[in-house]
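Here is the naming used below: chain letters follow the sequence lines, and residue numbers restart at 1 for every chain.
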There are 2 protein chains.
Amino acid sequence: MARRPKLSNVIAEDLLRWIARERLHPGDRLPNEKTLMEHYQCAKGTVREALRTLEVQGLVKMQTGPNGGAVIQPVPIGAVTQQLRTFLHFEELSFEQVYELRHSLEVTLALSVAGHLDGAQLARLEANIEECAEAMARDDRPGVRRAELAFHDILCDSCPNPLLTFMCRFINGLLRDLVEYRSQRLEEHHAFGRSNMESHLKLVAAFRDGDSAAVGRLMADHIHEAETFMSRLDAAFRSKDMLGR
Amino acid sequence: MARRPKLSNVIAEDLLRWIARERLHPGDRLPNEKTLMEHYQCAKGTVREALRTLEVQGLVKMQTGPNGGAVIQPVPIGAVTQQLRTFLHFEELSFEQVYELRHSLEVTLALSVAGHLDGAQLARLEANIEECAEAMARDDRPGVRRAELAFHDILCDSCPNPLLTFMCRFINGLLRDLVEYRSQRLEEHHAFGRSNMESHLKLVAAFRDGDSAAVGRLMADHIHEAETFMSRLDAAFRSKDMLGR
DNA sequence: CTAGATTTGTTCGTATGTATC
DNA sequence: TGATACATACGAACAAATCTA
């Protein structure tokens, strides 16, 4: 046992360390394939498999043409999200389980950003609330839900904790997808939208006042209400769609 | 714009859909390279790049020899973890930020498993505490820390929420690595070990009693103490090592 | 707008290492 | 031990994309 490691994997790991050591920024370029072939004394196909690894991980993007090659990408949050999703695709995940997490995470997020919100961010939050109101006026229910989730994404922008940010964004993305597939005929939609707007308004006010205690309490209540509504939405969907999932 | 997608990517996505449609189980095999070459009417290198994609995503593992080829792997948690780590490697993540999350997540985890612990799992927890005691007797400090983290991994085994499980396991893995690189000379290590053991014992007792309120309270205090110690450990490390990071 | 240069993408043929029987 | 089947790696060539003069 203990097989010889694949050469392309060795090269991929070496390139990864090199990127980290050189502190490469998005937009910077890796050496082209020919140079790498000479450096590692290996064939084209092997270099390509190594670059392929980095590309799948979202760290680089290949470009053809002059000055082409592997270009460093901005933080590959998309690729990571995608992989975590395909992982969860093999597990079974329910609405309640998502909210079991969201409950504490969004409160932690709110407390974390409470000190870091500047005027511009507060303005964005208020503009988002306005956007919700317009979508409600058009009776564009999926649009309302998307905009409401965007409110929480805006909070993520001001969060200094990258791990917390990632997890909250990931959960928002999950909910965004789940909500698209659910029935949009429920009577409660309007009441839910008004309740959300009220919560968001109160939250912005608490952020402005720098009242952390109020922020935590408001967010906890807000998520709790959202869970109640979402589970009803889910139940309605399941009873209509006999697949059960 | 809207470039022609790479053939290898098209094949990779097709294989992914095929795996999902056929409900392939871990251990099942994909067709070998030659068969795939004929099926997609493309060259070996192209098939290899497609398989490479799946391999990097952790869905398959390549095997040489007769009956070799791409073998479906069990849930690719390792690959997902790895990718999330390299992602965080480009962000800056501090000890405090990890604990900002761990605080709420471990409490949520404890409450989530409170009802699902059977006798076997409780026995494993007690065996783990015994293991900690032995490591302490040997004065094997890194061993103690590893075993203590294993206690929390055991809790994950009984958690029915796959997303919560993943995140707690991921954080445990982060701490495991961080602790390995930190100075192990601190006087407080022994006191910390005893405090942890006491917390773990109380937790197991609360789990046995099915006392959820106590479980939540004990875990919150436990993580809070751990954070206090860990940040001291971190400060000692940073002051000794002048790199600052 | 065209032509050429540059670089990745893909193909074919071949050889080597490795696991199974 | 040897034969077989398969992935791994090499090397040379051509196709396609993209930039620049």
**Report entry** B:E100 versus A:S112, side-chain donor and acceptor atoms under 3.5 Å
**Finding:**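 A pair is found: one side chain offers a donor N or O, the other an acceptor, under 3.5 Å apart.
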Nearest-Å distance for atom pair [atom1]/[atom2], residues [X] and [N]:
X: B:R52; N: C:dG9; atom1: CZ; atom2: C1'; result: 17 Å
X: B:M62; N: C:dA19; atom1: CE; atom2: C1'; result: 14 Å
X: B:E49; N: D:dT8; atom1: CD; atom2: C1'; result: 14 Å
X: B:R29; N: D:dA5; atom1: CZ; atom2: P; result: 16 Å
X: A:K61; N: D:dA17; atom1: NZ; atom2: P; result: 14 Å
X: B:Q41; N: C:dT10; atom1: CD; atom2: P; result: 15 Å
X: B:L51; N: D:dA9; atom1: CG; atom2: P; result: 14 Å
X: A:I11; N: D:dT8; atom1: CD1; atom2: C1'; result: 13 Å

Query raised in the report: Between the base of C:dT14 and the side chain of B:K44, is there a donor-acceptor distance below 3.5 Å?
Result: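 Such a pair exists between side chain and base.
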Query raised in the report: Given B:L59, which of B:L16, B:I72, B:L24, B:V75 fulfils the side chain to side chain contact (heavy atoms under 4.5 Å, CB included) condition?
Result: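 Exactly one option meets the side chain to side chain contact (heavy atoms under 4.5 Å, CB included) with B:L59, and it is B:L16.
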Report task. Pick out which of A:D157, A:L109, A:L174 makes a side chain to side chain contact (heavy atoms under 4.5 Å, CB included) with A:R169. Result ->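 That would be A:D157; it is the only one of A:D157, A:L109, A:L174 passing the side chain to side chain contact (heavy atoms under 4.5 Å, CB included) with A:R169.
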Whether [X] contacts [N] is assessed here as follows: a side-chain N or O lying under 4.0 Å from the phosphate OP1 or OP2. Is that the case?
X: B:R48; N: D:dA7; result: no
X: B:T46; N: C:dG9; result: no
X: B:N67; N: C:dT20; result: no
X: B:S8; N: C:dT10; result: yes

Query - Lys/Arg-Asp/Glu bridge criterion (N-O < 4.0 Å) met for A:K44, A:E33 - result: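 Here A:K44 pairs with A:E33 in a salt bridge, since their nearest N and O are under 4.0 Å apart.
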Query raised in the report: Starting at the 5' end of DNA chain D and moving along, which residue's nearest nucleotide shows up first, A:G65 or A:C42?
Result: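 Mapping each residue to its closest nucleotide by heavy atoms, the 5'-most match is A:C42.
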Query raised in the report: Taking for each residue the nucleotide of DNA chain D with the nearest heavy atom, is it A:P66 or A:L7 whose nucleotide lies nearer the 5' end?
Result: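 Of the two residues, A:L7 wins.
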Requested in this report: Applying salt bridge (Lys or Arg N to Asp or Glu O under 4.0 Å), run through A:R52 and A:E49 and close with a yes or a no.
Outcome: CA-CA 5 Å; A:R52 180 70 161 169; A:E49 287 208 10; over 6 Å; no
**Report entry** Closest nucleotide among D:dC19, C:dT18, C:dT8 to the A:T64 side chain
**Finding:**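 So the side chain of A:T64 is nearest to C:dT8.
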**Report entry** Shortest side-chain distance from B:K6, nucleotide among D:dA7, D:dG11, C:dG9
**Finding:**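 The nucleotide sitting nearest to the side chain is C:dG9.
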Report task. Mind checking A:G69 for me? I need base, sugar-phosphate or nothing, with any heavy atom below 4.0 Å counting as a touch. Result ->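 Sugar-phosphate contact only - A:G69 comes under 4.0 Å of backbone atoms but never of a base.
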Report task. Mind checking B:E33 for me? I need base, sugar-phosphate or nothing, with any heavy atom below 4.0 Å counting as a touch. Result ->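 Base, at least one base atom sits under 4.0 Å.
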